[in-house]
2 protein chains.
Amino acid sequence: MHKALSDSTRFEIFRLVAAQSAPICACDIVDRFQVSQPTISHHMKVLRDAGLITVSRRGVWAYYAVDPRGLEVLRDTINALMPVQLAATR
Amino acid sequence: MHKALSDSTRFEIFRLVAAQSAPICACDIVDRFQVSQPTISHHMKVLRDAGLITVSRRGVWAYYAVDPRGLEVLRDTINALMPVQLAATR
DNA sequence: TCAGGATATAGATGGCTGTCAATATGTTGG
DNA sequence: CCAACATATTGACAGCCATCTATATCCTGA
C-alpha cells in the first residue's frame, strides 16, 4: 500500500482522485499529466491492486474513485505505529 | 515519506523501532534481520532522511527512536486524502 | 457491420535501489 | 597508543519498475 503511493506521479494521481466529490473519468486524468495514456493506465492498476481506488465502467469510459476501505486500512496502519498519547491527538 | 516505508524490510525495521518504549540499539536491529549490517545502516539513513526516526549516540552505540513529528505528518497526509465524514471515524 | 475512439496489454529499455563485500571512521578498554 | 568493536561509507551489481511505442480489446454511433 505504501509502495503504491511511493511513486510521485502515482501519488499525485491518487490525490486528484481523492479530491473529487464524484468518480473521475480516466480521460480527465490523462489530460492532467504529462505521462502517456498507457502509463496512467498502469498506475491506475497499481492503485487498484493496492485497494486504494475502485473503477466503474460506463460505456467506453472508466471512472475512478477512492476506496474508503483502503484509506481506513492505511490510517489504521499509521495509527498502530503511533504511541497512544500521540494517536489521541487530533 | 511513503517511499521510505515502501520497502518491506525498511517497513519492518520501522515497525520494530515504533514498537519500543525506549530507543533501540542499532546492534539489536541488525540481530533481528537477515540482511547485512551495512544494509541496515542504509535503511536507517533513509528513514532518518524521511524524518521518520531520530538517532542518538551513546558511545559507540546508536539508538534509534520514532520521530513523532514524522508520524504526525504522515497521519495528516492520510487524513487530508479522506472524505470528511470518514476522517471523523475512529 | 464498420469506423473511430477510450482504455488495457505487451514488450522493450533506462534508471533507480536494495543488497553485499570491503573498507573507513569513530570509540572505548587496557 | 593500540586492539577490538560498533557503525557508516563506498563501489559494484542484479533485479525491479516507471516509462515509452505499438498493438489489442472493447464499446458506440452511424
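Sequence lines set the chain letters: A, B, ... in the order given, protein chains first and strands last, and positions in each chain run from 1. Side-chain atoms are counted along with the backbone in the values below, which use heavy atoms only and exclude waters and symmetry mates.
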Colleague: Please report the distance, rounded to the nearest Å, between CE in B:Met44 and C1' in C:dT19.
Modeller: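 Taking CE of B:Met44 and C1' of C:dT19, I get 17 Å after rounding.
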Colleague: Whether the side chain of A:Arg10 engages the backbone of A:His43 through a donor-acceptor N/O pair (distance < 3.5 Å, no angle test) should be reported.
Modeller: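 Not confirmed, A:Arg10 side chain does not pair with A:His43 backbone.
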Colleague: Hey, are the side chains of B:Leu5 and A:Leu5 touching, using non-hydrogen atoms and a 4.5 Å cut-off?
Modeller: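 Sidechains of A:Leu5 and B:Leu5: no contact.
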Colleague: Send over the distance from A:His42 NE2 to C:dA6 C1', rounded to a whole Å.
Modeller: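 Going from NE2 in A:His42 over to C1' in C:dA6 covers 19 Å.
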Colleague: What's the CG-P distance between A:Leu5 and D:dA18, to the nearest Å?
Modeller: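 Whole-Å distance recorded here is 12 Å.
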Colleague: Decide yes or no for B:Leu81 and A:Val66: does some side-chain heavy atom of the first lie under 4.5 Å from some side-chain heavy atom of the second?
Modeller: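 The answer is no, as the side chains (C-beta and beyond) never meet within the 4.5 Å cut-off.
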Colleague: Between B:Ser36 and C:dT19, does any side-chain N or O lie under 4.0 Å from OP1 or OP2?
Modeller: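 So the side-chain polar atoms of B:Ser36 never come under 4.0 Å of the phosphate oxygens OP1 or OP2 of C:dT19.
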Colleague: Rounded to whole angstrom units, what separation is found between the CG atom of B:Leu47 and the P atom of C:dG18?
Modeller: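 After rounding, the gap between these two atoms is 10 Å.
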Colleague: Separation of B:Gln34 atom CD from C:dC20 atom P, in whole Å?
Modeller: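 Roughly 10 Å, once rounded to whole Å.
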Colleague: Nearest-Å distance, CG (A:Asp7) to P (C:dT17)?
Modeller: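 Those two atoms, CG and P, are 10 Å apart.
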Colleague: Please determine whether a side-chain nitrogen or oxygen atom of A:Thr9 lies at a distance below 4.0 Å from atom OP1 or OP2 of D:dT19.
Modeller: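 Affirmative; the distance criterion is met.
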Colleague: Tell me if a side-chain donor or acceptor on A:Ser41 pairs with a main-chain N or O of A:Gln37 at a distance below 3.5 Å.
Modeller: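 Not at all, since once roles are kept as given, no pair shorter than 3.5 Å links the two residues.
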Colleague: Inspect the contact between B:Arg69 and B:Glu72 and indicate whether a charged nitrogen and a carboxylate oxygen are less than 4.0 angstrom apart.
Modeller: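 Judged by the 4.0 Å cut-off on N to carboxylate O distance, B:Glu72 and B:Arg69 do not form a salt bridge.
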Colleague: What is the separation between atom CG on B:Asp28 and atom C1' on D:dA6, rounded to the nearest whole Å?
Modeller: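 B:Asp28 atom CG is separated from D:dA6 atom C1' by 12 Å.
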Colleague: Which listed nucleotide (D:dT21, D:dA18, C:dC20) is nearest to the side chain of A:Arg10?
Modeller: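 Between D:dT21, D:dA18, C:dC20, the one nearest the side chain of A:Arg10 would be D:dA18.
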Colleague: Taking atom types as they are modelled, is there a donor-acceptor pair under 3.5 Å from the base of D:dA6 to the side chain of B:Gln37?
Modeller: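 Such a pair does not exist between side chain and base.
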Colleague: Any non-hydrogen side-chain atom of A:Ile13 less than 4.5 Å from a side-chain atom of A:Leu16?
Modeller: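 Heavy-atom side-chain distance check fails, nothing below 4.5 Å.
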Colleague: Whole Å only: how far is the CZ atom of B:Phe33 from the C1' atom of C:dT19?
Modeller: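 The answer, rounded to whole Å, is 15 Å.
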Colleague: Please pick, from D:dC20, D:dT9, C:dT9, the nucleotide with the shortest atom-to-atom distance to any side-chain atom of A:Ser41.
Modeller: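 Nearest nucleotide to the side chain: C:dT9.
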Colleague: Where along residues 56-65 of chain A does a heavy atom fall under 4.0 Å from DNA chain C?
Modeller: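 Per residue number, the list reads A:Arg57, A:Val60, A:Trp61, A:Ala62, A:Tyr64.
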Colleague: Among the nucleotides C:dA22, C:dT17, C:dA10, which one has an atom lying closest to any side-chain atom of B:Pro38?
Modeller: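 The answer is C:dA22, which lies nearest to the side chain.
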Colleague: For B:Cys25 and for A:Lys3, locate the closest nucleotide of DNA chain D by heavy-atom distance; then report the residue assigned to the nucleotide nearer the 5' terminus.
Modeller: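 Result of the comparison: B:Cys25.
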Colleague: Heavy atoms only, 4.0 Å cut-off, all strands: where does A:His43 land among base, sugar-phosphate and nothing?
Modeller: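 Here A:His43 touches the backbone only, sparing every base.
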Colleague: Atom NE2 of A:His2 and atom CG of B:Asp7: how far apart are they, to the nearest 0.5 Å?
Modeller: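 Nearest 0.5 Å value for the NE2-CG distance: 12.0 Å.
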Colleague: Which listed nucleotide (C:dT19, D:dT7, D:dT19) is nearest to the side chain of A:Thr39?
Modeller: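 For A:Thr39, the side-chain atoms sit closest to D:dT19.
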